Trainee: 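Quick one: this structure, given as structure tokens, is what I'll be asking you about.
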Amino acid sequence: MEQVYIAGTGMTRFGRHLDISMKEMSRGAVEAVLADASMSVDEIGAVFFSNSLAGLITGQECIRGEVMLYPLGFGTVPIYNVENACASGGNAVHLAWLAVASGMCETALALGVEKANHVDKTRTFSAYRSGTDIDAMFAVGEGAGTDRTPLVDRQAALAKMLIDERGMTVEALAKIAEKAYAYGALNPMAHRQEGHSIEAILGSRLVVDPITTLMSSPVSDGSAAVIVSRRKRSGTNVRIAGSSMASRPKKGQSHPTSAEAASQKSLAMAGVSVADVNVAEVHDASVAYEVIAWRETGLCQPGNEYDWAMSGHTALGGKLPINPSGGLVSRGHALGASGVAQIHELVSQLRGISGARQVHQPRVALAQIGGGVIDWQTSVSSVHVLVRDEAW
Amino acid sequence: MTLRRFEGKVAVVLGGGADGPSRERGKIPMGNGRAIAMRLASEGARVVVVDRRLDLAKLTVDNLQGEAHAVEADLANIEDCTRIVESSLDKYGRVDVVIANAAVSSSMSAVQQTVEDWEFSNDVNVRGHWLVAQKALPQMIERGAGSFVFVGSTAGQLSSGRSLAYEATKAAQLAVMRHIAVRFGSKGIRSNAVVLGVIDSALVRREFGDSEEALAARSEIGPMRRQGRPEEVAGAAAFLASDDASYVNGHSLIVDGGVSAQWPSPRKG
Ligand SMILES: NC(=O)c1ccc[n+]([C@@H]2O[C@H](COP(=O)([O-])OP(=O)(O)OC[C@H]3O[C@@H](n4cnc5c(N)ncnc54)[C@H](O)[C@@H]3O)[C@@H](O)[C@H]2O)c1
């Protein structure tokens, strides 16, 4: 297998961008990533385009990637359309890695673009429904899919489980959100940059008890891109040391969850242990899911969640900074772009160019993102382990 | 047939250094915690032997058959309690069984009882056990299986009038046992207690003396006319910890040779 380096990353600011088209967002991320990689369109051997909802929001269900990339000067090279709900972006990066690692091409682009907001909010909320088995919708309360995404109902159930079985409290969940907003306030690409206090988080609208609006990720529009290559870039290099995807366990089984399986595989592939990880970006569709992800990636032992939340373990300057981008809660959640944006953040951290959000000299970074829900479990997760070999 | 009920399992034994009266040549002195640790190991468990005295814990580890490691921790110390489960997770990745055995005892009546001793007894005999359980439970719940055995005392159910703090804290310890049984039974967790009468251990010899007369007097009190041995406690504790007790939950199993079954009837004159 070929060694795979990250030649460049780029993104556009996440937000509610009713007036920016998907084509414009695609252009923003592609221009940024090419500039960062000092490459031209012609050096890209394959494109993996990730998007989840365009078919349901704009109607562009087919040949999404080709439509977005044609105006940007792409031609002839294969453009693969990738969809796996919130994990679409991680999936695209995984496939780009595979294309280069396998020797299929020298350089590949993963581009994630999402335009989930629509003037008619119910269109967005009902589009999110397709992140579940629509024939066998899990139990949700009244209003799911019309005044909120039905996935929040699951987040609330997870939060209750964390409180009952792991010793979390609602305040500790709010504290994690406060951490996310503190990071996001330092990230010019974040959807929510305004920062929020614990009181504001607890006092914001209760969506499904105990999850408030400020404990959940917003519906974001935005784009992110990563170029991977067999060629090293000049300057500091970051390589993809582990890359994998996994689905939920078979019916009737509860472990390993998709995130557990993908994390174990990627860490083993990278030849590192969780103790080696210096910074991570994990899936926080809500703060409840962030806590679950701490555990499922293996970073946190069950039962330590409350201490981690309250002691600032994962905050800037803590022992293991998690979601320094602000995470989905603050940086924002543009489905197809989120997993790619995680890589953008971690590469910046490993290169040491994250400014006020910079984690102290990280060498190993882990990115996890999950997508969809089948039978109460996250249906797919991808995990990437990135390594900086060069000394600080 | 040798039983191997704990194959693949990890047990944490609090107070696993428990020493005892000296034994015949070649055998190490035995207290309840040590006997339980050795029994679980002989049935295949990997054992984390926890004691505030590392030398005693190491002696247990060196003498059991199987894999084990010793951890020095003071159950009266909150940080130490949280560290115990962590060290087992670091070393073995799991905790399947917790034996809550460590305890301190004193002998003060309600009139003599001091606040310091009351609090210290509570810290070790009750709070320490709960804190360890608090850390062990989440990963047990996640796996849907786990078992607690609290080493209790008949002093927690009946009063001998000897020690208020000991009696009160051993009663509270059984409340912790029942709470876990009831609250987390649906998650596959079982929680039980062995409730001990007079077992010939270091604790008892300290409290009641080890002269010939003292030993004889202790043997006299029960229908079996002898004291119990730590190995007999270990048999009962291992049963409760094992899947043989898969439908036993919230139970206090009295291991006292029948002492508490007696009714002190008047003698014929
Ligand atoms: N021996 C009996 O007759 C008898 C009767 C009833 C109940 N019990 C119970 O059996 C259990 C063990 O008794 P034993 O007779 O083996 O006692 P023991 O005193 O011989 O052993 C207790 C062990 O716990 C350790 N320990 C004490 N305080 C500790 C602390 N703060 N932190 C960590 N370790 C500590 C000691 O070092 C010792 O190794 C206790 O729960 C006791 O209440 C014993």
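Keep in mind the model is a prediction, meaning the values are calculated, not measured. Chain naming here is simple, since letters A, B, ... match the order of the sequence lines and numbering starts at 1 in each.
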Trainee: What part of R143(B) gets within 4.5 angstrom of chain A, counting heavy atoms only: side chain, backbone, both, or neither?
Mentor: neither
Trainee: Which region of D307(A), side chain (C-beta onward) or backbone (N, CA, C, O), has a non-hydrogen atom less than 4.5 Å from a non-hydrogen atom of chain B, or is it both or neither?
Mentor: side chain
Trainee: Does either side chain, that of S286(A) or that of S216(A), offer a donor lying less than 3.5 Å from an acceptor on the other one?
Mentor: no
Trainee: Any Lys/Arg nitrogen of K9(B) or D243(B) sitting under 4.0 Å from an Asp/Glu carboxylate oxygen of the other?
Mentor: yes
Trainee: If you take the centroid of each ring, where Trp contributes its six-membered ring, are Y92(B) and H69(B) closer together than 6.0 Å?
Mentor: yes
Trainee: Is K179(A) salt-bridged to E290(A), going by a charged N under 4.0 Å from an acidic O?
Mentor: yes
Trainee: So for Q134(B), is it side chain, backbone, both, or neither that comes closer than 4.5 Å to the heavy atoms of chain A?
Mentor: neither
Trainee: With a 4.5 angstrom heavy-atom cut-off, which part of Q301(A) approaches chain B: side chain, backbone, both or neither?
Mentor: side chain
